[in-house]
Every structure is written in C-alpha cells, then in structure tokens.
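Numbers restart at 1 for each chain; the letters A, B, ... are given by sequence-line order, proteins then strands. The structure displayed is predicted, hence computed values, not measured ones. What you see below is based on every heavy atom in this structure, not just the backbone, and it leaves out hydrogens, waters and symmetry mates.
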Amino acid sequence: MSALPSFPITPLLPEIRASLAAHPRLVLEAPPGAGKTTQVPLALLDQPWLGDGKILMLEPRRIAARAAAQFMAQQRGEEVGHTVGYRIRFEARVGKATRVEVVTEGILTRLIQDDPELTGIGAILFDEFHERHLAGDLGAALALDVQGTLRPDLRIVVMSATLDGERIAQWLDAPRISSPGRSFPVKVAYPPARVQESTEHHLARVVRVALQENDGDVLAFLPGRREIARTQSILEAPLDHPPLPLGEGLGERVRSERSASVSPNPHPRPLSQRERGEIEVVALHGELSLAEQQTALSPAEPGTRRVVLATNVAESSVTLPGIRSVVDSGLAREPRFDPHSGFTRLETVNISQASADQRAGRAGRVAEGTAYRLWPQSRRLDPSRTAEIVQAELSGLALELAAWGITAGSGVELPWLDAPPAGALAQGRDLLTQLGALATDGRITALGREMLELGATPRLGAAALRAATELRALVADLLALMEARSPLRGEQARTDDFRARVNALHAWRDRHTAGARTGADAGALAAIEQASKGWRRRLDVRSAASGVPDSHAVGDLLLHAFPDRVARRDDGNPLRYTLANGRGARLHESTALHGEPWLVALDLRFEARDSLILAAAPIDPRVLERDYPAQFRRERVLRWNEERQAVEAFEEQRYAAIVLDRRSVPVKPEDALPALLAAVRAKGIDVLPWSEHAHRLRARMQALRAWMPELGLPDVSDAALLDTLDDWLAPYLNGKRSLGALGADELSQALGSLFDYEQRRQLDAQVPESLTVPSGMNRRLDYAEGEPPVLAVKLQELFGLADTPRIANGRIPVTLHLLSPAGRPIQVTQDLKGFWERTYPEVKKELKGRYPRHPWPDDPWTAAPTHRAKPRGT
DNA sequence: CTCTCCCT
C-alpha cells in the first residue's frame, strides 16, 4: 500500500478501512478527481473481514469500467485479468486470481439473481451512485436485501459525488466519510439574457465573452442537437457588430460576481479578425460517429482555440482536455415515462444543482477556470438529479422483481432509496403479461426467466425468444440495431424505414460496398456487429445473417417486441395509422414507408393527438393472426348516431383496438336500451321530448316536495332524474331504438311513475294544475321552482272572492296576476283583500272608461263574477 | 420532420 501514489482520498483510506471493519455499510462522498474509484477497492483487499472474498465495484459506464480496471492493474504492475479484472456485457477479463471485479450496473443484477447468497463476494462498491441509474438503484436495493437476510457480513459502500450524502446515509443507516477532490477553483458568473434573447443567442454571446476573458477552450452545455446546430450557426456567422466593448455588460458583471479565487483575464479585448479565424467550433453529442467525437475530444491544433458545443455526454462520459471555461444553458433533455399513454417522451428540463456543479467542474480540471451560468442566480435548482426509477418505463424492473418473488400482490418490498411509482410499475407488468413474461397471477413464467437470462430488454427478449430457429441470426442483428443509435448517415439517416439499417449492416458485413457508399458510419456498424456477435453467441447461432431479408421479415420478428405498436393505415388518410393500443400515429410526409397497410412502429415521438413514427417496418398481418389469436375478436358494437339520435349496431372484427372490418347489423332491443340510457346520461335530460305538460308536471312535483316535505317525495331535479334513469325512464324506452321514438305523453307518464298512487292523489289535491275561480272557470296555476304558484286571471272573474286562494293545505298563497278585460296586467298581489280595499277603487276609475262594457261594481265583494262582457244594449 | 444519456 505504501507504494500507492498520493490522491486526495489517500489520507482517508485508514478511516474508510476502520469504518468498514466496524460497520458493514458506508457512504463515501468524494468529488471527481479524489481517486475513490481507483484507490478504495485496492485499499480494502487486505482487510480481515474480506478473507479471500472478492470486491465488486459497479460503474455506470463500460468505458469507465474498463478504464478503472486498467488503472488499478497498472498500479499493481499487473495485466488486467489478474488481481483486477472487469466484466461488461459480452466482454469479460477476469481470471482465477481476480479479487477486484469492476462491473457495469446491469451485471450486478444478473449476479445477484443467479446467486442471491453472492458466494465469494465480500464487498460491493457502488461508484458514481449519484447518477441514480435504474440498474444502480435496483442493484443497491437487492444488495441491501441480501445483506439484511442471507449475508450480514457483506460490505456495501455507496460512493457519491453530491450533496445528497446525508439522505443516502440515512437510507443505508451508515456512517458517512467525505473526501476533498482534486480540482482547481472555478469562478461562477450568472450573465443575464437580454430582453427577448433566445437561449442560443444568449449562449453564443457568452461564449464570445468566455473566449475574451479566459485562456483555453470553452465547453458549452446545451439540451440537444437542435440547439447545438443553431448555436453553431450563430457562432460561425460573421459578427454584424463588434464584440463586446470593454468594461460594459458582461465583462464587468463577471468580475463582480461572488468572490473569485482567481481573476479572469483582467483586460478582455475584442477578438481580432485573426484571432477569430483561429477559433474552431465543434459539436459533441451521442449521435456523432466515433471519428467525429474524436475530433472534439482530441487537443486542438496549437494556436487554435476550441469551442465545444455539447449535450450531456460531456457531463460525465467523456473527458475534454484544455477546457478553461464552461458556458451552461442549465438545460438537459430527459426521458419521462407516461403510464397513461404507455409512451416515453423527452422533456427539456432544468438541470439539478449537482449537474450544474459537475458541469462547472469541467472548467477546473487543468487550471483555474470560469463557469458562466445562463439562468438567474436566484433560481432554485433541485439538489440532485431525479432518480431514473421514478420517471422511467419499468417493465425491465418489474421482470427483475418478479424473478425476486415480488409481484403485484406479494406485499414484499425492497429497501428502496426511491420506490418505483405504482402506476409505471403496473404498466410495466401489463406489458410483461402481454409479452408472455408474467402469468395471469403475476408470477414470472418460464419465458420470463429465459428473457432475464438472455439479458435484453423484455420487449426485445420476447421477440428474440419467439423467433424461429432459422431466423435467430437475423434476430441477433435486430437486437444489436435496436439497442444502438442508427448507423445511417447523410440522406439515409432521415429514413423511417428500419430495414435500411438492417440492409446497411448486411451490406457492410458482406463487403459488397464500402462503408461510405452504404451511407452508414463504419465505426457504428463495427460496434453493432460486435453486439450482434454477442447476441448470436447467446442465441446459439453459428453464422451471421446476410443479404436483404424478405420485405416483411424484419417487421414480423419485431412485432413480437411491440405487439401494442402494430399499426394499421387508416382508410381516409394514407399517412395516418391506428396503433393496437388505440392511439393515433402518423408517418411524416417524406416517409419511405408510404402506402404500407400494416407496420410495427419501433420508435415514436409522442404527441397528444397523433404520435410521429420515427422508425417502423412493414408486417404481414397473417403473423398477427397466427401468433396473437386471442387479440382477434369479433364483437357486436353499439354506437350512438348523433344525427339520427339513434342506436346503431355493428359487428366488428378487430386486432386489439384496430378495427379490421365493420358491418351493420340489426339492433337488438336489449342492446338498444343501455345505449339509449347512456345517450341520455351523456347528453343531459334536455335531450328528452319535454312537452309543456311534462315541464309543468315536473314543476308541480318539485313544488309539492318542497312545500310538504313530510310526504318524503322523490327528487325530480335534472341531476336526480339522470341518476335514476334506470328506474323511471327505462320501462318507457324499452323496445325503442331512438330517442325520437319516445313520445311526449310517454315522458309525462314516465315522470308520473315516480310517484305512487297516493302521492299522485296528493299532487292533484295540494298542487293542482288549475283553480276554479268564482266565475266558474278553471284557471291554470304556473309553478316555478322556489316560488309560489302564479294565477293569472281577469279581475272580473274574482268578484265575490274576499281572500287570496291558498294551496298545499293552505300553506302557500298563490300570487295573483290580476288582468284587465283585455288581458293586460294590472296588479301582482298575494293580498286580494287589500287590493279590493285600497287599489280597486282607483283601478276602476281608470279603466271603467276604457272598458265600459265590463262590469265595474262599487262593491266587488257581492258583485257577480263573470268572464264575459255585458251583452250589448243592457 | 427531427430524440438526452446509459445498461443486462
């Protein structure tokens, strides 16, 4: 150990050893450059608790796993594969003597599932745990479960670079040791955007400032390719105005921000023509070919300064030499799974504080640096990155859990740092059931176990294992191509026909064409071929596929991975498709798949209406009939025809939600009734044929209920009627096929049926339709909710009536609308007596002249009531 | 008409 070179973490190693001797779990916080990855595993090798056990160290990336193993082996003066080895998918360098095994995260899950006792393993170290990958979280939860049950002696060390150590330590119930890093101070500035300035213009402007104020290269972080391209064109366009004047705006602001441990170039000056000519702008993102990435990663020509416009690749995956300043948009694109739609979509989000610090740290690897942040300093960032487990698609996790014995109803839980959300987990289990990996009781099937053993995603695993033996060579290619980014470049890169990728791989393999002529990236194809070779080994295939597969072969194999994304072209619109899950999708206008009646959509960009199909392959629908017979259904379907206000019946032949054939069939009465009731429920009570009579009947029923609550009458408000349609309306709709067939009388009868005989008797007695007035005529009563009834009547008809009539057992006085002989309103009153006494004499004086042929007695109490005028001449 | 990064 004494031979170890010194790292910032070196002085802490005794403390780390002591802690693990006393306590089986530990949280180790150390920023990049502290040496934790390479020093901690070796420092634990001689510990008594380890005996001759192995140390497993998890890395989130393959490159990092290889590099860490390489570095440690070198440090011991050995080859990789002796004391120190590594294991990543399709590649292992471990030997009998190997005691430190650096593995990628998915490998650990396999190891634990294969041997839950973790025989021979004494410690597991989770490096870069702050990245919170799904596999890392699962691995840690499984390891904790094993430690708590079968292996109390197992040591678990979680190494993290963020401020989140406290939370992790609580979760683990573990002590916490922090190490300083090895990096130079980085000064942070927050230059604000100008009014209406786009992110790209803001960023380009600050990049120019960074070039002025600092030596060395500039690394800028943007959320994606589109923003990188826009920024690049802004930076490469000739300046239409001279660069920033001295001492104004940003230059000043930068120097006044925070206390700087180092002051940037104290005399920023405009770039000269010559200097600008020496600045090289390069893009860096995951879609680039290896060669293109190399350009960005290699040192610039002497005398040339470089501006690297990068996505998140540059945050952790690659190291860039010579960076002295970082310009950070504060944005990243992250996948979010929506359990409702079953799709994952990319969202542009604000980065976490941990990411911001990690990005800024990139400016301090070689010397002091400056980080320019393009968001307001007042903005509060989330302290650390959201764990993948809370926002990702979870079918893979659900399958691992099922293999561990955790099913939907098992009630068993793992000790999660962040538990998987129930909705996404349920959706994952649904998919697994559809793929045949889970039985109906939720337990894992034999196919599910095979899928885990194969080590592909559940979707691709299902496709691979269901393929006929003679197609397995092609399946291996499809797995490799599906997992990789598209190898196509140039014109070809735009195609949405997935078969173009297969053809490019086969052409490259067959050496018929040079890499360049296939329009594909030879480096990418070589990597895909490596993966395909790995899959061929696992699938027991001797030789690789070649040539151009049959037109449906690719789709027919991959539809077993995406049975829910089988798509059929709509009749009306050749670009529009309906997916088996019922959602809409469309091909873009320059599609290479125009006219294909059936597709399997392999990649979609989610949109609320019609998702865009980014990659697809044609399929033969007969394969669906053969392999998913249960999804084919012939069903009677009832539809509401809005125009006819009537029920229609169809017989539909469907694959899942895709309608293959629809024929009109006669409507059965027992079919129609529920559909008619549903239509009323959906459209509201006003859709019924309300007559004047029915309205009035309902008003009286409501009035009686309000005025004589002791009768306990049913509510006939809109809401109550809708709630009880089955009771009162159904008998009258029975046998009908449209709402129009319901007569107005029938509606009244139906309403009336809500009251029994006695209640109807009370209705007629207490809330009558009309009153007989002294003239002998029946005059209608008008009922409105919450008001006394209105009796409109000519004055002359009431002669002899002393008091206001009352109804509802005398509880409610009617409101009299007293009318002139011509039917014009004279007075509204509930006090007839008062009217006769006070108002009538005046009314008489006024109207007698106008209606001389009508009686205007001085004494209305004793006069004979009449509804007619006096006969002429009397 | 345009999608971040990674992994069994």
Side-chain angles (χ1 to χ4, degrees), chain A residues 58-65 87-92 103-114 128 131-139 142 221-230 284-288 310-318 329 331-336 343-349 351 355 358 385-386 388-389 391-393 395-397 399-400 403 450-461 464 479-480 482-486 488 493-496 531 534-535 538 575 586-592 602-607 610-615:
Chain A
L58 266 71
E59 287 296 326
R61 271 166 291 280
R62 299 175 188 200
I63 294 188
R87 196 189 291 269
I88 61 183
R89 183 161 78 173
F90 300 141
E91 189 178 330
V103 301
T104 36
E105 288 169 335
I107 299 269
L108 174 72
T109 317
R110 291 277 58 74
L111 289 173
I112 301 187
Q113 292 274 18
D114 290 348
E128 315 277 9
E131 295 199 13
R132 299 301 306 280
H133 292 171
L134 187 48
D137 271 23
L138 172 63
L142 291 176
F221 285 98
L222 292 111
R225 250 171 90 173
R226 189 176 54 225
E227 292 85 354
I228 288 176
R230 277 195 214 133
L284 178 61
H285 53 76
E287 205 77 11
L288 295 177
T311 61
N312 248 345
V313 263
E315 191 177 306
S316 52
S317 310
V318 299
S329 67
L331 301 171
R333 269 204 263 281
E334 285 183 1
R336 297 281 153 89
F343 289 134
T344 297
R345 56 173 173 260
L346 276 180
E347 281 177 13
T348 307
V349 297
I351 59 170
S355 284
Q358 174 91 3
R385 206 193 161 120
T386 316
E388 196 182 357
I389 199 170
Q391 49 193 25
E393 196 277 333
S395 60
L397 183 79
L399 188 57
E400 298 285 359
E450 279 186 78
M451 283 159 64
L452 276 183
E453 206 173 315
L454 181 66
T457 61
R459 284 184 183 275
L460 293 175
L479 295 198
M482 284 294 295
E483 289 189 339
R485 293 168 189 272
S486 172
L488 302 177
R494 296 177 170 197
T495 186
D496 53 359
W535 292 119
R538 293 231 179 131
L575 291 179
R586 68 197 157 87
L587 291 169
H588 55 73
E589 275 167 22
S590 58
T591 177
L602 304 172
D603 195 10
L604 291 144
R605 196 193 60 205
F606 176 83
E607 272 164 37
D610 292 341
S611 298
L612 178 68
I613 298 174
L614 297 168

Query - Ion pair check, R61(A) and E131(A), cut-off under 4.0 Å - result: yes

Requested in this report: Please determine, for the side chain of H285(A), which listed nucleotide (dT2(B), dC3(B), dC5(B)) has the closest atom?
Outcome: dC5(B)

Query raised in the report: Counting just side-chain N and O atoms, does T104(A) come under 4.0 Å of either OP1 or OP2 of dC6(B)?
Result: no

Report task. Would you mind classifying the nucleic acid contact of L111(A) as base, sugar-phosphate or nothing, using non-hydrogen atoms under 4.0 angstrom? Result -> nothing

Query - Pair of N/O donor and acceptor under 3.5 Å linking dC3(B) base with D603(A) side chain - result: yes

Report summary line: Closest of dT8(B), dC1(B), dC3(B) to the L612(A) side chain is dC1(B)

**Report entry** Between C1' of dC5(B) and CG of L288(A), the distance in whole Å
**Finding:** 14 Å

Query raised in the report: Taking CG from L460(A) and P from dC7(B), how many angstroms apart are they, rounded to a whole number?
Result: 16 Å

Query raised in the report: Within the structure shown, what part of the strands sits under 4.0 Å from P60(A) by heavy-atom distance: base, sugar-phosphate, or nothing?
Result: sugar-phosphate

Report task. Measure up the F343(A) and F606(A) rings against each other and bin them: parallel (under 30°), tilted (30 to 60°), perpendicular (over 60°). Result -> tilted

Query - Verdict with supporting geometry, M451(A) and R459(A), side-chain contact (heavy atoms from CB on, under 4.5 Å) - result: CA-CA 9 Å; M451(A) 283 159 64; R459(A) 284 184 183 275; over 6 Å; no

Query raised in the report: Looking across every strand, which nucleic acid part, if any, lies under 4.0 Å from L452(A) by heavy atom: base, sugar-phosphate, or nothing?
Result: nothing

Requested in this report: State the CG-CZ distance between L575(A) and R586(A), to the nearest 0.5 angstrom.
Outcome: 9.5 Å

Query raised in the report: If you look at every strand shown and take non-hydrogen atoms under 4.0 Å, does T348(A) touch a base, only sugar-phosphate, or nothing?
Result: nothing

Query raised in the report: Expressed in angstrom and rounded to an integer, what is the separation of I88(A) atom CD1 from dC7(B) atom P?
Result: 8 Å

Query raised in the report: How close or far is atom C1' of dC3(B) from atom CZ of R336(A), stated in whole angstroms?
Result: 15 Å

Report task. Report which part of the nucleic acid R110(A) touches: base, sugar-phosphate, or nothing (heavy-atom distance under 4.0 Å, all strands). Result -> base

Report task. Would you mind classifying the nucleic acid contact of G106(A) as base, sugar-phosphate or nothing, using non-hydrogen atoms under 4.0 angstrom? Result -> sugar-phosphate

Query raised in the report: If you find the nucleotide of DNA chain B closest to R333(A) and the one closest to R538(A), which residue's nucleotide is nearer the 5' end?
Result: R333(A)

Requested in this report: Examine dT2(B): is either OP1 or OP2 under 4.0 Å from a nitrogen or oxygen in the side chain of R225(A)? Give yes or no.
Outcome: no

Query - I228(A) CD1 to dC3(B) P, straight-line distance once rounded to whole Å - result: 13 Å

Query raised in the report: Should E91(A) and R62(A) count as an ion pair when the cut-off is N to O under 4.0 Å?
Result: no

Query - Phosphate OP1/OP2 of dC5(B) contacted by R385(A) side-chain N/O (<4.0 Å) - result: no

Query raised in the report: Which of these, T591(A), L614(A), D603(A), I613(A), sits in a side chain to side chain contact (heavy atoms under 4.5 Å, CB included) with D496(A)?
Result: T591(A)

Query raised in the report: dC5(B) phosphate, OP1 or OP2: any side-chain N/O from T311(A) under 4.0 angstrom?
Result: yes

Report task. Grab the CD-P distance between E347(A) and dT4(B) for me, whole Å please. Result -> 14 Å

Query - Interatomic distance where CG belongs to L222(A) and P belongs to dC3(B) [whole Å] - result: 15 Å

Query - Nearest-neighbour nucleotide for the V313(A) side chain, dT2(B), dC5(B), dT4(B) considered - result: dC5(B)

**Report entry** d(NE2, H588(A); C1', dC3(B)) in whole Å
**Finding:** 13 Å

Query raised in the report: With respect to the side chain of R494(A), which nucleotide from dC3(B), dC1(B), dT8(B) is positioned closest?
Result: dC1(B)

Query raised in the report: What nucleic acid atoms does L346(A) come within less than 4.0 Å of, heavy atoms only: base, sugar-phosphate, or nothing?
Result: base

Query raised in the report: Does a nitrogen or oxygen in the side chain of R485(A) sit under 4.0 Å from OP1 or OP2 of dC5(B)?
Result: yes

